[in-house]
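Convention: sequence-line order gives letters A, B, ...; per-chain numbering from 1. Note that the coordinates shown come from a computational prediction; the quantities given were computed from them, not determined experimentally.
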Amino acid sequence: MKGSNFFNRVYEIVSQIPEGKVATYGQIAAMLGSPRAARIVGEAMRRTPEYLDIPCHRVISKDGTMAPGYAFGGEGKQREMLEKEGVIFKENGCVDMQRCLWRKPIMERDE
DNA sequence: GCGTTGACCTCCA
DNA sequence: CTGGAGGCCAACG
C-alpha cells in the first residue's frame with residue numbers, strides 16, 4: 001500500500017475525520033508535511049476514488065467556505081449534510097471552524 | 001521531461 | 001466584494 005504518498009495520505013487523513021468536524025486543505029497539507037501543498041489536497045478531493053469512501057464534504061477551505069459548486073452538487077447541498085452531521089454554520093454561510101475544526105489525534109508524527 | 005491547470009493560501013489595491 | 005500576483009506540489013497532455 002502507500003502507492004502515491006501524497007494522495008494516499010490525504011485520503012487517510014480525510015477518512016479519519018469524525019462527524020460534526022471539518023478539516024481544511026491547508027491543514028491536511030500541513031499534516032502531510034507540505035503546508036503549501038493545499039492545492040494538491042484539493043486535487044486529491046476532486047479525484048477522490050469512490051471506493052475509498054472519502055468524506056470530501058468535510059474538507060473545506062480555511063475561511064470555512066467550500067468549492068463553488070462543481071463538487072457534491074452545490075454548496076447548499078454540502079451545507080445540509082454538514083449541518084446534519086453536527087457541523088455549525090455561521091450566518092455568513094461559512095462553517096464555524098472554532099467549533100468544528102477537526103484536529104488529528106496526537107500520536108502520529110507531530111504537527 | 002516540459003507546459004498547463006487546479007475543490008488552495010496569502011498579500012495588496 | 002472583486003481583481004491581480006506569487007508560491008507550493010502533483011496530475012495530465
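One atom, CZ of A:Arg39, and another, P of B:dT4, lie 14 Å apart when rounded to the nearest Å. Following rounding to the nearest Å, A:Asn92 (CG) and C:dC1 (C1') show an atom-to-atom distance of 14 Å. Spacing between atom OH of A:Tyr25 and atom P of C:dC8 amounts to 22 Å, rounded to whole angstrom units. Atom CE of A:Met66 and atom P of B:dC8 are 13 Å apart (whole Å). Whole-Å rounding puts the A:Phe6 CZ to C:dA10 P distance at 6 Å. If you measure from atom CG of A:Leu32 to atom C1' of C:dC8, you get 13 Å, rounded to the nearest angstrom. Taking atom CD1 on A:Ile13 and atom P on B:dA7, their separation rounds to 21 Å, with Å as the unit. Atom P of nucleotide B:dA7 and atom OH of A:Tyr11 are separated by 14 Å, given to the nearest angstrom.
In this structure A:Arg46 satisfies the side chain to side chain contact (heavy atoms under 4.5 Å, CB included) test with no other residue, sequence neighbours excluded. The side chain to side chain contact (heavy atoms under 4.5 Å, CB included) check on A:Leu101 picks up A:Thr24, A:Gln27, A:Met97, with sequence neighbours excluded. Every side chain to side chain contact (heavy atoms under 4.5 Å, CB included) that A:Pro18 has, sequence neighbours left out, goes to A:Lys21, A:Trp102. Take A:Glu80 and apply the side chain to side chain contact (heavy atoms under 4.5 Å, CB included) test, not counting sequence neighbours, and it matches no residue.
Closest to the side chain of A:Phe7, from the set B:dA7, C:dA10, B:dC9, is C:dA10.
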A:Val41 vs A:Val14, test: side chain to side chain contact (heavy atoms under 4.5 Å, CB included). Steps then yes/no. CA-CA 10 Å; A:Val41 179; A:Val14 177; 5.6 Å; no
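Contact annotation: A:Arg47 reaches the phosphate of C:dC12 (side-chain N/O to OP1 or OP2, under 4.0 Å).
Within the structure, side-chain hydrogen bond (donor to acceptor under 3.5 Å, both in side chains) pairs that include any residue of residues 51-63 of chain A comprise A:His57-A:Glu85, A:Arg58-A:Glu85, A:Ser61-A:Thr65 (at least two apart or interchain).
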Tabulate protein N/O versus nucleotide N/O from nucleotides 10-13 of chain B, keeping only pairs under 3.5 Å, one per line.
from   : atom 1 : to      : atom 2 : distance (Å)
B:dT10 : OP1    : A:Lys62 : NZ     : 2.3

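Taken to the nearest 0.5 Å, the CD1 atom of A:Ile54 stands 6.5 Å off from the CE atom of A:Met45.
Comparing A:Glu43 and A:Pro35 along DNA chain B, the residue whose closest nucleotide (by nearest heavy atom) sits nearer the 5' end is A:Glu43.
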